[in-house]
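Worksheet: one structure, shown below.
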Amino acid sequence: MTKMLIGIPAALFIATGALAQENGLNETHLRALDADGDASISMEEFGVFSDFAFEQMDTDKNGSLSKSEVDAHADEEAFGRADADGNGTVTQAEFKARMEENFKQADKDGDGQLN
């Protein structure tokens, strides 16, 4: 993954609608996520990026995200949506579930691809 992608977690973490238009991702960002070059982002490609984003934000490498680790990427409301059990941290499983929900919301035609 390129360094350019490190800035994307914020947009993806708080996504609730059309991924590119509502969250400031541009064509260059989307192409970087499109590993197979088919002009679509599959759930698998998105999952690879989600794992990368989590690893980048988990600065203390303890397997969960604290509010301070995501302050630059998400507001309190977005953090709360991802913190499914309300314990004040976001595990990788919670993050992945939130990202999968974001993908599904952005996949307006339900074809399993963002294009």
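Here the structure is a predicted model, which means the values were calculated and not measured. Because only heavy atoms are used, hydrogens play no part in the values below, and waters and symmetry mates are left out as well, while side chains stay in.
Side chains of Thr59 and Glu69: a donor on one and an acceptor on the other come within 3.5 Å.
A donor-acceptor pair under 3.5 Å is formed between the side chain of Glu94 and the backbone N or O of Ala84. When atom types are taken as modelled, the side chain of Asp58 and the backbone of Gly63 share a donor-acceptor pair closer than 3.5 angstrom.
A salt bridge is defined here as a Lys NZ or Arg NE, NH1 or NH2 lying under 4.0 Å from an Asp or Glu carboxylate O, and Asp51 with Lys96 meets this definition.
Closest approach of Phe79 to Ala74, counting heavy atoms only: N-CB, 4.5 Å. Residue Glu55 comes nearest to Lys61 through the heavy atom pair O-NZ, 2.5 Å, listed as atom of the first residue, atom of the second, then distance. Nearest approach of Val90 to Phe54, heavy atoms of both residues: O-CE1, 3.8 Å. Between Glu45 and Ser40 the shortest heavy-atom distance is OE1-O, 3.1 Å. In terms of heavy atoms, Thr89 sits closest to Asp85 at O-OD1, 4.3 Å.
Residue Glu101 qualifies as enclosed at atom CD: its count of foreign heavy atoms under 6.0 Å is above 12.
Once rounded to the nearest 0.5 Å, the distance linking CG of Asp83 with CZ of Phe95 reads 13.0 Å. Put simply, CG on Asp34 and OG on Ser42 are 8.0 Å apart, with the number rounded to the nearest 0.5 Å. Rounding to the nearest 0.5 Å gives a distance of 9.5 Å between CZ of Phe49 and CD1 of Ile41. With values rounded to the nearest 0.5 angstrom, Glu44 atom CD is found 11.0 Å from Phe103 atom CZ.
In terms of the salt bridge (charged side-chain N to carboxylate O under 4.0 Å, His left out) criterion, residue partners of Glu77 (sequence neighbours excluded) are, by chain and number, Arg81. The salt bridge (charged side-chain N to carboxylate O under 4.0 Å, His left out) test applied to Lys67 returns Asp71, not counting sequence neighbours. Residues satisfying the side chain to side chain contact (heavy atoms under 4.5 Å, CB included) criterion with Asp109, sequence neighbours excluded, are Asp107, Asp111.
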Practice prompt. I would like to know whether Gln113 and Asp38 meet side-chain contact (heavy atoms from CB on, under 4.5 Å); could you show each step before the answer?
Written response: CA-CA 10 Å; Gln113 302 284 323; Asp38 68 352; 4.2 Å; yes

